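Starting off with a structure, shown below.
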2 protein chains.
Amino acid sequence: MTRQDPRPLTLRDVSEASGVSEMTVSRVLRNRGDVSQATREKVLRAAKQLGYVPNKIAGALASQRVNLVAVIIPSMSNLVFPEVMTGISRTLEETDLQPVVGLTDYLPEKEEKVLYEMLSWRPSGVIIAGLEHSDAARAMLRAAGIPVVEIMDTDGTPIDSMVGISHRRAGREIGQAIVKAGHRRIGFLGTGVGLDHRARKRFEGFTEALAKGGVEVADQEFYSGGSALAKGREMTAEMMTRSPDLDFLYYSNDLIGAGGLLWMIEKGYDVPGRVGMAGFNGVRLLNGLPRKLATIDSCREEIGRRAAQIIADRLKDQGEPGEKVELAPTIDPGDTMRR
Amino acid sequence: MTRQDPRPLTLRDVSEASGVSEMTVSRVLRNRGDVSQATREKVLRAAKQLGYVPNKIAGALASQRVNLVAVIIPSMSNLVFPEVMTGISRTLEETDLQPVVGLTDYLPEKEEKVLYEMLSWRPSGVIIAGLEHSDAARAMLRAAGIPVVEIMDTDGTPIDSMVGISHRRAGREIGQAIVKAGHRRIGFLGTGVGLDHRARKRFEGFTEALAKGGVEVADQEFYSGGSALAKGREMTAEMMTRSPDLDFLYYSNDLIGAGGLLWMIEKGYDVPGRVGMAGFNGVRLLNGLPRKLATIDSCREEIGRRAAQIIADRLKDQGEPGEKVELAPTIDPGDTMRR
DNA sequence: TTGAAAGCGCTAACAC
DNA sequence: GTGTTAGCGCTTTCAA
């Protein structure tokens, strides 16, 4: 228990303390091969006694195996990726794999850097958000020779496997539903495009569906940063002042939509009678607000689970490269869309 | 660019491709020592050409240095730890250190396991939430011989350094303020104690302050799981039905408090005239709700920043072991506390 | 400025 | 069931 020497403990220390060879100690600690009960106990006692913690760096180098899965996502501060992580963790917990997270802040350069850093630890697999990556990033992923699952989005061609929803389709479906419900003066409030490809695709699908119905977006406003609920309020106030005849507001995410909804309720608008509203994501955190915003579930936790499962299977030599999973989200009209 | 061989690239490949010794290639790639411009360029070109990504496993084993900081926290799914992470990341970004996160779900056994896993990668430092750990966990942390910063809480004795607020004091201060404002029929709504030591300490400080003012908690209710906003609503409805004479509701976190506040507004209660309300954390996400709940900022991002700074300094041989930082949160009365 | 040799702490493969 | 040997891919150290 008490050691004077600050040198980290090694297998050799356990070997000497227990009088068992290093190799056998290693076997015991990894539960590998046949070791007699007596020896096992001797080793375990010595290891615990000393407070030995194995050195995975050395183990990984020797065995050429690292039980890490690199997970590369834009951010943890909105409500979407933590749920994806939950799905990944839940699934990997049943294996000996561990997720390690890298954040990109939606910046391609940062993605490239983070990917490089993570690959330098030689993970067993990669789960990465989105289908858009720099050439260098794609080259690294291909060269890594490990299973790669691109998640969230299925509108494009994956390097290897992909799991997600079609954001273009999601945008299109909500657009169709809005037009079908008879709305003609439609406002869009969302994140600035460019950084977030999925938001862009939703917007494209949305305008496309409107166009088919002979409708154009009547007003739009983009934001970045700030508290989403408060931003939603502000933007909605501005837009309804500027374009008081709007009869539908479509938000690129539930949080700003919720802010907008709170404002509309306070101002006494008849929602959805006079103005319909919808967001995107199916954020559960918002359950408990006075009214439930219409939304499309982005299947975040399931995406995480499926992606992790693909990696796990591939590492067990089950499953083929190039698996493609497109989940089908459905519209939840909540309390803010006419049916 | 195109390789048939699935074998990962090594320094030797770059060495052969560039006609420079492995040692010199290594120097170039790490920007160490003097290398002629000509050689440097040759090496860089070859490395890029091949798409070489260094193997940190091997590097770490050889150099006995790992630029990782283990961050061990209970959860990512509430609003508090993501902000702590933001502070840690911001600070570490200015160094060559990288955070790696492990989650405990507030379970001591899981904490022990996660800690063991993380320490087996021989990180350069550890940031861990809370001051309560199993004996085994404490032993591991001490034996690791690396800087350890315990965060969030300062009510206790750290293994090495600590950065946080006194939750007992925070509870006491809000309790005092409530009593001073003349409230006598006080309800408490919070997380079940036992798992979350900090929530427990706040509650203890709270009841202590009430006792000093000759007041007892008139009604209390605990919850776990579910959507916090919705839970806050439910619990508040139940409590106000059961104990209609309450004149203050204190919640152990802002989210359930916000749910409660929404319910109170809908039911037409005069807040804070007839019933005062307060939460805890200073969650910015909630800015934008109709009214602002009184709260105490838990200084999450600053805690992250300070903790990371302590690790970074110690690794540069600046700063001493055993540093203790207690931040002083202040009450924000918002719109729900009489002043 | 460059290179050669000797490990870092562990495990695969094989012997006993 | 247990031990021995030879690396894993880098970096440290020292020599040239």
Side-chain angles (χ1 to χ4, degrees), chain A residues 5-44 46-47 50 52-68 96 117 119-124 144-145, chain B residues 5-44 46-47 50 52-67 96 117 119-124 143-145:
Chain A
D5 194 338
R7 171 181 60 81
L9 292 163
T10 68
L11 258 193
R12 166 174 235 122
D13 295 305
V14 182
S15 165
E16 283 170 1
S18 62
V20 175
S21 78
E22 285 187 41
M23 196 53 235
T24 300
V25 171
S26 169
R27 285 191 184 101
V28 172
L29 265 22
R30 286 178 299 146
N31 289 310
R32 286 299 185 76
D34 294 320
V35 180
S36 73
Q37 191 56 29
T39 315
R40 169 179 307 282
E41 276 167 19
K42 243 192 303 187
V43 169
L44 255 19
L50 294 168
Y52 173 70
V53 176
N55 185 331
K56 285 213 184 170
I57 307 263
L61 182 61
S63 66
Q64 305 282 65
R65 274 187 288 94
V66 180
N67 65 339
L68 260 26
D96 65 343
E117 290 288 338
L119 288 179
S120 74
W121 289 103
R122 300 289 187 267
S124 294
Chain B
D5 192 339
R7 171 181 60 80
L9 292 163
T10 68
L11 259 193
R12 165 174 237 121
D13 295 304
V14 182
S15 166
E16 283 170 3
S18 62
V20 175
S21 78
E22 284 187 44
M23 197 51 240
T24 300
V25 171
S26 168
R27 285 193 184 100
V28 171
L29 265 22
R30 285 177 299 145
N31 290 310
R32 287 298 188 74
D34 294 319
V35 180
S36 72
Q37 191 55 30
T39 317
R40 169 179 306 281
E41 276 167 19
K42 245 193 302 186
V43 169
L44 255 19
L50 295 167
Y52 173 70
V53 176
N55 185 330
K56 285 212 184 174
I57 306 263
L61 182 60
S63 66
Q64 305 281 66
R65 273 187 289 94
V66 180
N67 64 340
D96 65 344
E117 290 288 337
L119 289 179
S120 73
W121 289 103
R122 299 289 188 267
S124 294

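These numbers come from a predicted model, not from an experiment. Lettering of chains follows the sequences in order, A, B, ..., and the numbering in each one begins at 1.
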Check: Within this structure, what is the CD-to-P distance between B:E16 and D:dG9, rounded to whole angstrom?
Finding: 13 Å
Note to self: From CD1 of B:I57 over to P of C:dC10, roughly how many Å is that when rounded to an integer?
What the structure shows: 14 Å
Note to self: Counting only heavy atoms not in B:R30 (residues, nucleotides, ligands), do more than 12 fall under 6.0 Å from its CZ?
What the structure shows: yes
Check: Would you say A:Q64 reaches D:dG9's phosphate, i.e. side-chain N/O to OP1/OP2 under 4.0 Å?
Finding: yes
Next item on the list: In whole angstrom, give the distance that lies between atom NZ of B:K42 and atom P of C:dT1.
Entry: 15 Å
Margin query: So, taking the atom named NZ in A:K56 and the one named CD in B:E117, what distance separates them when rounded to the nearest 0.5 Å?
Written below: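 Reported to 0.5 Å precision, the distance equals 3.5 Å.
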Margin query: Testing the basics here: between B:R27 and B:V35, what is the closest heavy-atom pair and its distance to 0.1 Å?
Written below: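 B:R27 and B:V35 have their closest heavy atoms at CB-CG2, 3.9 Å.
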Next item on the list: Answer yes or no: is there a side-chain heavy-atom contact under 4.5 Å between A:S18 and A:V25?
Entry: yes
Checklist line | Closest nucleotide among D:dT11, D:dG7, D:dG9 to the A:A62 side chain | finding: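 Taking heavy atoms from C-beta onward, the closest nucleotide is D:dG7.
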Check: Which residue lies toward the 5' end of DNA chain C, B:R40 or A:R12, if each is placed at its nearest nucleotide?
Finding: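 The 5'-side residue here is B:R40.
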Notebook entry, point to check: Do B:S15 side-chain atoms and B:L11 backbone N/O form a donor-acceptor pair below 3.5 Å?
Noted result: no
Notebook entry, point to check: Hey, is the side chain of A:T39 poking within less than 4.0 Å of OP1 or OP2 on D:dT2, counting only N and O atoms?
Noted result: yes
Margin query: Is there a side-chain contact between B:T24 and the phosphate of C:dG3, meaning an N or O under 4.0 Å from OP1 or OP2?
Written below: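 Yes.
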Notebook entry, point to check: Does B:R32 have a side-chain nitrogen or oxygen under 4.0 Å from the phosphate oxygens OP1 or OP2 of C:dT2?
Noted result: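 For C:dT2, OP1/OP2 do not have a side-chain N/O of B:R32 under 4.0 Å.
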Next item on the list: To the nearest Å, give me how far apart CD (B:E22) and P (C:dA6) are.
Entry: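 So the two atoms are 15 Å apart, to the nearest Å.
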Notebook entry, point to check: Which of these nucleotides, D:dC10, D:dT11, D:dT4, is closest to any side-chain atom of A:M23?
Noted result: D:dT4
Notebook entry, point to check: Taking for each residue the nucleotide of DNA chain C bearing the nearest heavy atom, is the 5' side occupied by A:R30 or by B:V35?
Noted result: B:V35
Margin query: For A:S21 and A:S63, find the nucleotide of DNA chain D closest to each by heavy atoms; which residue's nucleotide sits nearer the 5' end?
Written below: A:S21
Next item on the list: Rounded off to whole Å, could you give me the CG-to-C1' distance for the A:L9 and C:dC10 pair?
Entry: 15 Å
Next item on the list: Starting at atom NZ of A:K56, determine the distance to atom C1' of D:dC8, rounded to an integer number of angstrom.
Entry: 18 Å
Item checked: Interatomic distance where CG belongs to A:L11 and C1' belongs to D:dT4 [whole Å] -> 15 Å
Check: What is the distance, rounded to the nearest whole Å, between atom CG of B:D34 and atom P of C:dG3?
Finding: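 Those two atoms, CG and P, are 14 Å apart.
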Notebook entry, point to check: Closest nucleotide of DNA chain D for A:R27 versus for B:Y52: which of these residues is on the 5' side?
Noted result: A:R27
